[in-house]
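Encoded as structure tokens, the structure appears first; notes follow it.
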Amino acid sequence: MSLKKNGAGTLKSPPLIFSAPVQVDSSAYVMYLLQANQKDNGENEYGGKREPAITCQNIVFYNTNNGEYHVLDSTRKMLIKSYRTGPSSSDNYTNGNAVQSSGFIFYDIVIDDTDKDTKLTDKDAAYLFVSDRTGRNFRQISPDNFRVANWQLISKSNKVLMMATSVEEEAQKLQEVPFIYELNGKKPPYLVFDPTAQKRLAQLIYKQ
């Protein structure tokens, strides 16, 4: 990002919108939700009208002890729709309160133009991401091209259970499919019940 000097000789950067700081647990870290400033024509740098439901385009994690900071992800464009710190998608937003409870921060984020309209908007499928409480170890934990309906962290096993629908099959209103992700492992998210198990269960149910 290039910086320009204004008339007073100080550095001037492209305008940004910062949220109020959100304290991360009882640590020295705070989060600043970060938005690109709206252009005169009402569009943002992502090519579309600003969506009121979108929380931000990135998050800055700032260490108040030493002044160091980093962004959640510097490698791609994204729209962060929400973030949660409890053990399930039904928990309340942090909304300025201290991040606590699970030890993780979960995010609903749009990174793919799933509706093929050439821009990222609230209509695109949001994937589930997770990081630690300092914004490190950030990664996607839901499968590509699946819209997550709800999720739950099982603390005893450190696994996340998700119900998701294929983006390609949404128009057909097919049933949600259960997925699982192991927070301590390196596997991608996978089906709770593989196709063989699903077939066996279907045969059992339809026999009745």
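- The shortest heavy-atom contact between L72 and N58 is N-OD1, 3.3 Å.
- If you take CZ on R147 and CG on L128, they are separated by 14.0 Å, rounding to the nearest 0.5 Å.
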Between F104 and L183, is a side-chain contact (heavy atoms from CB on, under 4.5 Å) present by the stated rule, with each step listed? CA-CA 10 Å; F104 300 99; L183 289 169; 3.8 Å; yes
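- Each of N145, I109, V148 was scored for a side-chain contact (heavy atoms from CB on, under 4.5 Å) with Y127, with one residue passing: N145.
- Ring geometry for Y29 versus H70: interplanar angle over 60°, hence perpendicular rather than tilted (30 to 60°).
- For the pair D108 and S82, the tightest heavy-atom approach, listed with the atom from each and the gap, is OD2-OG, 2.7 Å.
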Start with the C-alpha gap between R136 and F61, add the side-chain angles, then the distance that decides, and say whether side-chain contact (heavy atoms from CB on, under 4.5 Å) holds. CA-CA 9 Å; R136 303 288 188 186; F61 287 80; over 6 Å; no
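- Between R76 and D73, at least one side-chain nitrogen of the basic residue sits less than 4.0 Å from a carboxylate oxygen of the acidic one, meeting the salt-bridge criterion.
- One distance of note links OG of S142 with CD1 of I180; it measures 14.0 Å at 0.5 Å rounding.
- The nearest pair of heavy atoms linking Q35 to Q57 is CA-OE1, 3.1 Å.
- Side-chain contact annotation: E68 with Y62, donor-acceptor N/O pair under 3.5 Å absent.
- Ring centroid separation for the pair F138 and Y107 comes in under the 6.0 Å cut-off.
- Across every non-hydrogen atom of P189 and P143, the tightest pair is CG-N, 3.6 Å.
- Ring centroid separation for the pair F146 and F179 comes in under the 6.0 Å cut-off.
- Although no hydrogens or angles enter the test, the distance criterion places no donor-acceptor pair under 3.5 Å between the side chain of Q140 and the main chain of F129.
- Contact detail for V24 and R133: the closest heavy-atom pair is CG1-O, 2.6 Å.
- Remark: the N137 side chain and the S131 side chain contain no N/O donor-acceptor pair separated by less than 3.5 Å.
- Within the model, atoms CD1 of I111 and CG of L79 stand 11.0 Å from one another, a figure rounded to the nearest 0.5 Å.
- Note on K81 versus D122: salt bridge recorded, some NZ/NE/NH1/NH2 to OD/OE distance being below 4.0 Å.
- Summarising the local packing, OH of Y69 is surrounded by 12 or fewer heavy atoms from other residues, nucleotides or ligands at distances under 6.0 Å.
- Side-chain polar atoms of T134 and D132 form a donor-acceptor pair below 3.5 angstrom.
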